[in-house]
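Everything numeric here is computed off the predicted structure, so don't read it as measured data. So you know, we letter chains A, B, ... as the sequences are listed, proteins then strands, and number each from 1. Both backbone and side-chain heavy atoms feed into the values below; hydrogens, waters and symmetry mates do not.
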Amino acid sequence: MTHASGGDGTIVFTPQWTAQAQFAGYYVAEARGFYREAGVDVRIEHPSATQPAMSRLRAGECHATTLQLCQALEIVDGNIPLVNILQTSMNNAMVIVSARGKDPLTQRGARVGIWSVGFGQLAICMSNKDHLDYQWVRFAQNVNLFVSGALDATLAMSYNEYYQLLQAGIEITDKNVYRFCDHGYNVQEDGVYMTRQYYEQHRDQARRFAQASRKGWEWAAEHPDEALDIVMQYVNRDRIATNRMLQRLMLADVLRLQVDRESGRREFRLRPDMVQLANRLMHEGQMLSREVTYEELTDNAISK
Amino acid sequence: MNKLSAYIRRKLSVRVSLWVVLFAALIFIAALSFFFYQAREAVRQEAFNRATQILDKTSLRVEGILNRVEVATNMTQWLVQRHPDKSDSMFVYSRGMLLNNPDFYNCSIAFEPYHFQDKGRYFSAYSRHQGDSIRTIQGGSDNYQYFFMDWYLMPTLLDQPCWTEPYMDFDAPTNSYEMVTSYCQAIKDKTGKTIGVINTSLSLNWLSHTISTVKPYPNSYSIMLGRGGTYFVHPDTAKITRQTIFTQTLEQADTAMTALGHAMQRGEEGMKQMKLNGSDCYVFYKPLGKTGCSMAIVCPESDIFGGFDRLRQAVMNIVILGLLLMLFFFIRIITRELSPLRRLAKEAETIASGQFDTQLPELQRTDEIGQLSHSFADMQQSLVKYIGELKNTTAQKASIERDLHIASGIQMGMLPKNFPTYPDRDDVQIFASLVPAKEVGGDLFDFFFRDEKLFFCIGDVSGKGVPASLVMAVTRSVFRTVSAHESMPDNIVKIMNQALAEMNENNMFVTLFVGVLELNTGQLLYCNAGHDAPLLIGAGVGELPCDSNIPIGVMPSWDYSLQEAHIFTGTTIFLFTDGLTEAMDADKAQFRMERVNSVAADALAHEQKEPRQLIESMSKAVHEFVGNAEQSDDLTMMAIQYIKKQDDVKLHKTLVLPNDTQEVPRLNDFVQEVCLKAGFASDVTMQLRLAVEEAVVNVMNYAYPPGTPGNVTLEVQTTDTRIQFTIIDSGVAFDPTAIPEVDTTLSALERPIGGLGIHLVRQIMDEVRYERSGTLNVLTLTKIISAPKSQ
Amino acid sequence: MKTTIQEQDGNMVAILEGSLDTAAVPETEAAMSPLLDVAGKDIILDCTDLQYISSGGLRIFLGILKSAQAKGGQVFITGMNNDVRAVFAMTGFINIFKFK
């Protein structure tokens with residue numbers, strides 16, 4: 001592991017995808033100067049199709065990234081210790097959308113699209129557990145395969161691909177959607193992770209970075225329209241092929257997912273029970289070789 | 001609004017013009033509507049054809065090129081398949097593809113992981129134009145894991161070659177983006193297993209340029225959608241690759257847009273009419289080959305129909321303007337045509353106001369207005385003529401009326417005007433009134449004094465008006481002429497009759513009553529010729545007994561009878577014509593004799609029997625009776641009251657006896673006493689006694705029904721010259737003077753028993769007169785005393 | 001009025017005294033009724049004292065005359081004064097009676 005190329009104070013943060021409202025809080029924190037106020041120097045660099053976020057983290061080209069919990073478990077299981085410095089998502093956003101209005105649970109052996117970058121662990125668990133024997137087709141980044149009719153179903157994020165499918169004229173009803181969060185798979189997703197090594201060397205910065213990011217999220221929750229404007233600035237700068245409508249929908253859903261189901265509040269914390277659940281599911285699905293504990297992912301100082 | 005409708009009602013020109021314009025407008029509307037509708041359809045059809053043609057043309061061009069890509073890729077795939085082991089050849093092939101097709105963008109021949117074991121996991125022969133040369137590299141790496149790319153997965157998943165969705169390709173060396181679409185075909189080995197994929201890309205820049213310049217109409221634009229509905233060509237470049245046709249519908253449902261998107265996604269070809277950005281548009285769409293893309297041309301209706309609508313508007317404006325002008329001019333023309341009518345109307349008013357000589361306007365027209373004008377002129381001339389005649393007639397009538405008025409004066413002048421009253425005269429009072437029904441009438445009355453006699457007459461010429469008045473005049477003059485020398489009424493009447501009958505060619509006749517009253521004695525001689533019997537109003541109201549004879553002028557040789565009566569002092573003779581008794585009220589009821597009698601009786605009861613009073617009472621009664629009805633006949637009344645006291649009455653005594661002959665001695669004593677007082681000689685006295693007894697006994701015996709008690713009243717008056725006994729009873733009407741004379745020459749045997757009494761009375765008395773006065777018998781016996789107190 | 005009937009010289013004589021007016025007619029007529037039964041004798045009516053006679057009296061005289069003539073007798077009137085005679089003259093009775 002090489003150290004980041006940036007100066008000691010700069011945290012290079014690479015969100016797991018290209019610029020979109022999924023990372024609104026960070027944009028807000030940057031644009032509104034929360035990071036500056038907090039005294040951290042943050043540089044947001046997005047991944048490219050050829051350079052995914054995780055490889056950047058592994059290569060030390062960034063110091064922090066966002067990961068889904070299951071992803072993090074896998075990575076930690078793969079011997080790269082990670083620390084969750086900020087958990088934003090409190091709910092699971094993954095869904096299966098079937099073609100031709102079919103119920104996903106009825107499509108045994110169907111060709112189901114899955115992200116090639118490493119999301120969808122729970123789907124694999126579910127396919128195995130329920131003996132659906134999905135044929136997973138790994139796609140790079142969009143819904144074109146599904147839209148072209150090459151797939152029987154596809155995984156989608158409720159805040160992202162779901163709306164892309166709608167925008168592509170796909171008819172989605174309750175009949176052809178399977179929501180993981182409603183079927184006992186409500187495992188949190190997005191959180192900000194650093195390598196343990198980096199974290200332990202930059203605890204204070206990490207903490208400030210996390211707090212400022214959280215502040216950014218809270219501000220975005222209270223000012224969604226202005227947050228959207230900020231998001232569109234980043235989107236347009238990077239010439240991302242999306243539009244304000246999708247971003248608005250995405251922002252709304254991401255903010256919704258940050259509200260814990262049980263407490264009804266934005267908790268911004270990793271839930272031990274969800275960690276345990278993910279562990280159990282993935283272990284059953286033979287995706288983890290060992291249990292990755294809650295303590296492994298956290299540092300008590302942050303998660304308080 | 002009411003004023004407007006009133007105005008329209010008033011003006012014929014406006015009404016007619018409005019009707020004409022209305023019909024014209026209806027025709028225009030019908031014709032133009034039909035025409036516009038058809039024309040619009042034609043324009044629409046034309047637009048359709050045009051858009052469709054352009055679409056077809058563009059589509060053909062695109063497909064042409066797409067075809068080349070497909071063919072080239074197929075060829076290369078075949079080549080690869082023949083030598084699937086020669087990894088280095090792949091570079092040649094991919095490079096060769098681009099060499100042969102300079103307009104292709106890039107070409108990749110990529111293989112399954114570890115297909116060429118010596119090449120590692122990734123092997124992709126990638127060629128791309130770069131300026132004038134072609135860059136050929138190995139394209140797969142950890143950073144570019146092509147296995148998950150659309151172009152790699154799709155042909156295998158779909159089990160057929162296909163086109164990918166367009167995407168922006170970033171070329172790092174040149175740091176540029178290009179929109180491309182790839183045609184990918186699976187490379188299969190002999191077993192049919194996929195070993196790789198050939199992917200040939202085509203830049204869409206030229207395509208989007210071609211499509212975006214498709215502009216059949218100034219404001220129309222073209223779009224191109226990918227399989228997912230993404231805009232790849234759009235006039236708003238911000239939308240390209242970023243938005244889909246469904247993006248806006250996520251926020252606000254738009255069924256038309258959604259339907260269009262789905263139709264295009266399904267690769268359908270057609271036309272949809274929808275509202276885009278608030279304006280109506282026609283969207284013509286057609287798929288582009290097998291790419292899954294679809295292009296559409298959006299033509300705003302305003303463009304298609306813009307010219308047409310403008311034309312239509314212009315035509316409508318012209319029509320409306322024309323109609324308005326038409327209305328305006330028609331009103332003027334009709335008004336002008338009708339102006340003679342207005343002039344005529346004005347002239348008519350002038351004529352109506354009395355000026356018949358106004359000059360009517362000269363019109364040369366021969367149409368209806370001209371005819372009207374001529375008729376009007378004719379009417380005016382007739383009017384003038386008739387009015388003139390009417391004026392003449394009226395003048396004549398006025399002249400005749402004047403003449404009649406004068407005649408009336410003359411006629412009235414013929415009637416006596418000085419009515420003697422007491423004390424001017426001490427013997428008679430006379431009053432008369434004559435009211436003709438018309439200006440002149442046929443009634444007459446006359447009186448004059450001659451030789452201590454009053455000559456009077458009353459008459460009624462048959463008919464009324466001028467003829468009757470002429471006969472009246474003649475009658476009156478003849479009366480005067482004849483009675484100037486003739487004193488006997490019957491003779492007077494006879495002569496008048498002869499005179500009148502001679503000249504009576506028209507059969508006019510005159511009822512006439514002529515009387516001669518001896519003023520000293522009250523003796524009345526009279527002759528009645530068909531006239532109403534006069535009333536005597538004295539002790540009671542009674543009718544003077546008249547022979548009716550016949551009116552004069554009818555038969556020249558009629559023998560008229562002479563009658564006589566004694567008029568007691570104070571008695572009024574009331575003469576009248578049938579204008580009195582036949583006076584009619586509004587219901588044609590007549591006044592009748594009964595009423596005359598009752599008025600007379602009333603006047604008598606109220607002591608109003610003097611002529612003027614009587615006639616006034618009668619006039620009043622008649623006027624009240626007649627009321628408002630028109631006078632039907634001449635009304636003439638004459639009243640003559642004899643007021644001469646017969647010398648001084650020396651003695652006046654009255655005796656009332658019951659009708660019992662045993663009372664005769666008392667009667668005789670009474671008479672004896674009176675005669676003694678009067679100084680009569682005994683023989684005279686005895687005779688008077690006898691006469692009175694006989695007369696009274698007669699009354700006692702016959703006046704009252706047998707067994708009925710009744711009274712007999714004896715009045716005695718003496719004057720120097722005579723003595724008068726009046727015997728009055730209220731029994732049955734009995735005229736003793738009507739008993740025929742006794743024949744005293746008969747022998748004893750032949751002599752009847754009765755009748756002697758009256759004979760004696762007649763012999764003894766100088767005058768025996770009977771009068772039925774109302775309900776009373778009045779018998780008057782008069783003896784003249786030639787020398788008083790003779791022996 | 002007084003009426004006396006007596007026989008004289010073989011004649012019936014009626015002596016009339018007073019006024020023979022209508023009132024006296026009934027009694028006089030009754031008194032003279034015997035004369036109506038006389039037959040073969042002449043009747044003499046003595047009117048010397050007759051002052052007055054009315055038509056009723058004349059009727060009585062006429063009755064007597066008619067009755068006597070029917071029986072063949074004659075009637076003579078005596079002593080009539082001028083007034084009564086005038087009455088007889090007026091009525092023509094003077095022509096049908098004989099006077100002595």
A side-chain contact here means heavy atoms from C-beta on lying under 4.5 Å apart; do B/Gln243 and A/Met245 qualify? no
Non-hydrogen atoms of A/Leu166 and B/Phe246 that approach each other most closely: O-CB, 4.1 Å
Of all heavy-atom pairs linking A/Asn236 and B/Arg242, the shortest is OD1-NH1, 2.9 Å
Quick one: of A/Ile170, A/Leu151, A/Asn142, who has the most non-hydrogen atom pairs under 4.5 Å with chain B? A/Asn142
Among residues 105-115 of chain A, residues within the sub-4.5 Å heavy-atom range of chain B, in order of number, are A/Arg111
Which bit of B/Glu251 comes within less than 4.5 Å of chain A, counting heavy atoms only: side chain, backbone, both or neither? both
State whether the side chain of B/Thr241 and the backbone N or O of A/Ala241 hold a donor-acceptor pair below 3.5 Å, judged by distance alone. no
Examine whether an atom of A/Leu165 lies under 4.5 Å from a heavy atom of chain B, and if so say whether it belongs to the side chain, the backbone or both; otherwise answer neither. neither
Please list, in residue-number order, every residue in residues 143-150 of chain A that has a heavy atom less than 4.5 Å from any heavy atom of chain B; write 'none' if there are none. A/Asn144, A/Leu145, A/Val147, A/Ser148, A/Gly149, A/Ala150
CD on A/Gln167 to CD on B/Gln248, rounded to 0.5 Å: 9.5 Å
Is B/Lys272 atom NZ crowded by more than 12 heavy atoms from other residues, nucleotides or ligands, each under 6.0 Å away? yes
Contact between A/Leu246 and B/Thr247 at the side-chain level, heavy atoms closer than 4.5 Å - yes or no? no
Between A/Arg248, A/Arg239, A/Arg244, which has the largest tally of heavy atom pairs under 4.5 Å with chain B? A/Arg239
